[in-house]
Asker: 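Below is one structure. I have some questions about it.
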Amino acid sequence: MKIQSVKGTRDFYPPQMAVRNFIVDGWKAASIRGGFVEYDGPIFEYLQMYQVKSGDEIVEQLFNFTDRGNRHLAIRPEITPTLARMVNKQINALPRPIKWFSVPRLCRAERPQKGRLREFFQWNIDIIGVDDVLADAEVIACSLDYLRNTGLTSADVVAKISSRRLLAALLKNIGIAEDKLETLYPILDKKTKIPVEAFCEMLDKEIDSSETVQTILKLMDVHSVDEIPDIVKLDEEAQIALDELKRVFAYLEKMGVANGCRFDMSIVRGLAYYTGMVFEIHDAVGKLRAICGGGRYDNLLSDFGGPKVTATGMGMGDAVLEILLREKGLLTDDSLDIQKLDYFVACLDDDLMDEAVAITAKLREKGYAANFSYKTNALKKQMKVADSMNAAQCIIVGGEYKESGQLVVKDMATGEQELVEAATFFDTDPV
RNA sequence: GUGGAUGUAGCUCAGUUGGUUAGAGCACUAGAUUGUGGAUCUAGGGGUCGGGGGUUCGAAUCCCCUCAUCCACCCCA
């Protein structure tokens, strides 16, 4: 009976595993450069955890199940609730600021399409306990640090930044009721994703005054914070939010990544829990879905039963990233080594097989990556195998060993080889 | 949940208006090469042509159903 893989999942054969490791290793290295420390949680949690902030509709997008104790559980679709739970639990003991990162494997029961799968990896970094936009700037800078490190430039990717706090203040100024904001965010978030007419129609449905709708449209087209006062009068709250945003950009300048950042009023994020700076990083052409997104969520810990502690962070999935890296030629199938060996031990005589095995074992004992051939076939064949396994050195156990106890040690890069006494080979550390 | 496209070897794909035993390249295995690596040549293994039904003397090819995948909607933490 032939069983196929589940929809939206990937099999990581060695070549694909090399790609995954390339991406994940880069994420971890960038996190560590940025002073973040790694954490992880369980891959499933109580279903309720994901309903708290997102409601019941989200259940359809989750893989959920009931265990034998009738507990309603779900495979994690994101790790932020887990982070909130874990931090809340030890909030009084953890030194602040809390700068944590994780690379969780996540599952969402959505229909797969380009750049979106049902099982994927997502890099998360979060800074908890810093009530200053400096932390927001650092999250963006760390994300860009990673992307720059892969070779992507400001011509390839752009960080679009805005502020929920500013948006909320401006909307209130033009007469939008506070309780209306939550329904408006997901609509405004669609600004660049749907046709203008459809966008207007959605706004008209929610807002009575067409004048207000026009003002919102003008506001959403703003590409510099300086244009805002021309459209909406700034009250104190709006002014504070605006100053904050300017400071984010000032910090990004100091962090050396400002050339990849720009203000974009259309970045809203569909999620309700963002309270301040919000951002997304897109490919410069804007053809792919967002590479990464995040923002400040000051109420999340308290929403999960903890104290009111501020937080900001972001998530970056592997699917879109891989597509972009391949498009830009920064990741090709043969750019990654699937295997690397320090030594390959070739054996040319069945009588010497025991010795070849023993030599390999000694190399491994010394901590080297070593492999040997199960067959004593033509040396050419074994050399080929050594080459395909990316061996740095090849040791040949053959006639010289039989006659005078010598091994041929060949450097695969230079092609040079020398005879070495097997008896003394392991006395000094071979290279 | 809606719409479109595509399913032939491990991979990428040919396959004529329906015609005999379904092919190529790459990959894999072995040999040419009995002791030296991305080369060349030769041979070999590997396919219920996604599955089921129908039309026909005859179906990879035409029709119906079904399944799967991809792409675009919906959604997007």
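All chains are named by letter (A, B, ...) in the order of the sequence lines, taking the proteins before the strands, and each is independently numbered beginning at 1.
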Asker: With sugar-phosphate meaning primed atoms plus P, OP1 and OP2, does A:Arg111 contact a base, only sugar-phosphate, or nothing at under 4.0 Å between heavy atoms?
Answerer: base
Asker: Touch check for A:Glu400, heavy atoms < 4.0 angstrom, all strands: base, sugar-phosphate only, or nothing?
Answerer: base
Asker: Without decimals, in angstroms, what is the distance between A:Ile323 CD1 and B:C70 P?
Answerer: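 Computing the A:Ile323:CD1 to B:C70:P distance gives 12 Å.
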Asker: Quantified in whole Å, what is the C1' atom distance between nucleotide B:U2 and nucleotide B:U48?
Answerer: 34 Å
Asker: What residues form a side chain to side chain contact (heavy atoms under 4.5 Å, CB included) with A:Ala369, not counting sequence neighbours?
Answerer: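 If we apply the side chain to side chain contact (heavy atoms under 4.5 Å, CB included) test to A:Ala369, skipping adjacent residues, the hits are A:Leu341, A:Asp342.
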Asker: Return the residues of residues 288-307 of chain A meeting this criterion: a heavy atom under 4.0 Å from some atom of RNA chain B. Order them by number, or give none.
Answerer: A:Arg289
Asker: Taking the C1' atom of each, how far is B:C67 from B:G53, in whole Å?
Answerer: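 These two C1' atoms come out 14 Å apart once rounded.
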Asker: Starting at CD of A:Glu78 and ending at C1' of B:A77, how long is that distance when rounded to a whole Å?
Answerer: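 Rounded to the whole Å, the gap is 4 Å.
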Asker: Contact class for A:Gln382 vs. all strands (heavy atom < 4.0 Å): base, sugar-phosphate, or nothing?
Answerer: nothing
Asker: Taking the same atom, P, in B:G45 and in B:A14, what whole-Å distance lies between them?
Answerer: 26 Å
Asker: What distance, rounded to whole Å, do you find between the two P atoms, one in B:A9 and one in B:U61?
Answerer: 15 Å
Asker: Tell me whether A:Arg20 forms a cation-pi arrangement with A:Phe12, defined as NZ or CZ under 6.0 Å from the six-membered ring centre and within 45 degrees of its axis.
Answerer: yes
Asker: Can you name the residues that form a side chain to side chain contact (heavy atoms under 4.5 Å, CB included) with A:Leu94, not counting sequence neighbours?
Answerer: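 A:Leu94 satisfies side chain to side chain contact (heavy atoms under 4.5 Å, CB included) with A:Val87, A:Gln90, A:Ile98, A:Trp100 once adjacent residues are dropped.
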Asker: Give A:Leu106 one of three labels, base, sugar-phosphate or nothing, depending on what nucleic acid heavy atoms sit under 4.0 Å from its own.
Answerer: nothing
Asker: Whole angstroms only, please: what is the CG-C1' distance between A:Leu407 and B:G35?
Answerer: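 These atoms are roughly 15 Å apart.
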Asker: Side-chain donor-acceptor pair under 3.5 Å between A:Thr376 and A:Asp350, yes or no?
Answerer: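 Judged by distance alone, the side chains do pair up.
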Asker: Between B:G1 and B:C74, how far apart are the C1' atoms? Round to whole Å, please.
Answerer: 8 Å
Asker: For B:C70, does either OP1 or OP2 sit under 4.0 Å from a side-chain N or O belonging to A:Lys114?
Answerer: no
Asker: Report the relative orientation of the aromatic rings in A:Trp27 and A:Trp123; use parallel for angles under 30°, tilted for 30 to 60°, perpendicular for over 60°.
Answerer: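 Plane angle under 30°, so parallel.
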Asker: With sequence neighbours left out, write down each residue that passes ring pair (Phe, Tyr, Trp, His ring centres under 6.0 Å) with A:Tyr374, or none if nothing qualifies.
Answerer: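 For A:Tyr374, the residues satisfying ring pair (Phe, Tyr, Trp, His ring centres under 6.0 Å) (neighbours in sequence not counted) are A:Phe372.
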Asker: Does the B:C75 base have a donor-acceptor partner in the side chain of A:Arg116 within less than 3.5 Å?
Answerer: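 Between B:C75 and A:Arg116, which were checked side chain against base, a qualifying N/O pair under 3.5 Å is present.
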Asker: Figure out the CD/P separation between A:Glu110 and B:C74, and round it to whole Å.
Answerer: 13 Å
Asker: Base, sugar-phosphate alone, or nothing: which one does A:Gly315 contact when heavy atoms must sit under 4.0 Å apart?
Answerer: nothing
Asker: Could you give the CD-to-P distance, from A:Gln61 to B:C76, as a whole number of Å?
Answerer: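 Checked: the CD to P distance equals 8 Å.
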Asker: Distances under 3.5 Å between protein N/O atoms and the N/O atoms of nucleotides 5-10 of chain B, please, pair by pair.
Answerer:
none

Asker: Going by the rule side chain to side chain contact (heavy atoms under 4.5 Å, CB included), which residues pair with A:Leu117 if we only count those two or more places apart in sequence or in a different chain?
Answerer: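 Residues passing side chain to side chain contact (heavy atoms under 4.5 Å, CB included) with A:Leu117: A:Arg10, A:Ala319.
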Asker: Identify the stems formed by RNA chain B, where each pair is Watson-Crick or G-U wobble with both distances under 3.5 angstrom and a stem is at least 3 consecutive pairs.
Answerer: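 Counting only runs of 3 or more consecutive pairs, the stems involving RNA chain B are B:1-7 with B:67-73, B:10-13 with B:23-26, B:28-32 with B:40-44, B:50-54 with B:62-66.
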Asker: Can you list everything that forms a side chain to side chain contact (heavy atoms under 4.5 Å, CB included) with A:Ser404? Sequence neighbours excluded, please.
Answerer: A:Gln406
Asker: Send over the distance from A:Leu117 CG to B:U69 P, rounded to a whole Å.
Answerer: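 Atom CG in A:Leu117 sits about 12 Å away from atom P in B:U69.
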Asker: P atom, B:G47 versus B:G37: distance in rounded Å?
Answerer: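 Roughly 34 Å separates the two P atoms.
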Asker: Please determine whether a side-chain nitrogen or oxygen atom of A:Lys190 lies at a distance below 4.0 Å from atom OP1 or OP2 of B:C76.
Answerer: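 Result: yes.
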Asker: Rounding to a whole Å, what distance do you find between A:Met49:CE and B:A77:P?
Answerer: 19 Å
Asker: A:Val408 near the nucleic acid: base, sugar-phosphate alone, or nothing, with a heavy-atom cut-off under 4.0 Å?
Answerer: base
Asker: Please list all pairs passing the side-chain hydrogen bond (donor to acceptor under 3.5 Å, both in side chains) test where one or both residues lie in residues 282-300 of chain A, with sequence neighbours left out.
Answerer: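 side-chain hydrogen bond (donor to acceptor under 3.5 Å, both in side chains) check on residues 282-300 of chain A returns A:Gln113-A:Arg289, A:Asp126-A:Tyr297, A:Asp136-A:Arg296, A:Glu280-A:His282, A:Arg296-A:Asp298, A:Asn299-A:Lys308.
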Asker: Test of understanding: with salt bridge (Lys or Arg N to Asp or Glu O under 4.0 Å), list the residues that count as partners of A:Arg364, not counting sequence neighbours.
Answerer: none
Asker: Could you list by number each residue of residues 410-423 of chain A showing a heavy-atom separation from RNA chain B of less than 4.0 Å, or answer none if no residue does?
Answerer: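 The stretch gives A:Lys410, A:Asp411, A:Met412, A:Gly415, A:Gln417 as the residues lying under 4.0 Å from the strand, ordered by number.
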Asker: Whether the A:Glu38 and A:Ser102 side chains hold a donor-acceptor pair (N or O, under 3.5 Å, no angle test) is what I'd like checked.
Answerer: no
Asker: Round to the nearest Å and state the distance from A:Tyr50 atom OH to B:A77 atom C1'.
Answerer: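 About 11 Å, once rounded to whole Å.
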Asker: Classify every nucleotide of nucleotides 27-33 of chain B by which part a protein heavy atom approaches to under 4.0 Å, writing B for the base, S for the sugar-phosphate alone and - for neither, in 5'-to-3' order.
Answerer: ---SS-B
Asker: Here's one to test your reading of the geometry: is the NZ or CZ of A:Arg71 within 45 degrees of the ring axis of A:Tyr46 and under 6.0 Å from its centre?
Answerer: no
Asker: Sub-3.5 Å donor-acceptor pair from the side chain of A:Asp264 to the main-chain atoms of A:Ile161, do we have one?
Answerer: no
Asker: What distance, rounded to whole Å, do you find between the two C1' atoms, one in B:G15 and one in B:G23?
Answerer: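 After rounding to an integer number of Å, I get 7 Å for this pair.
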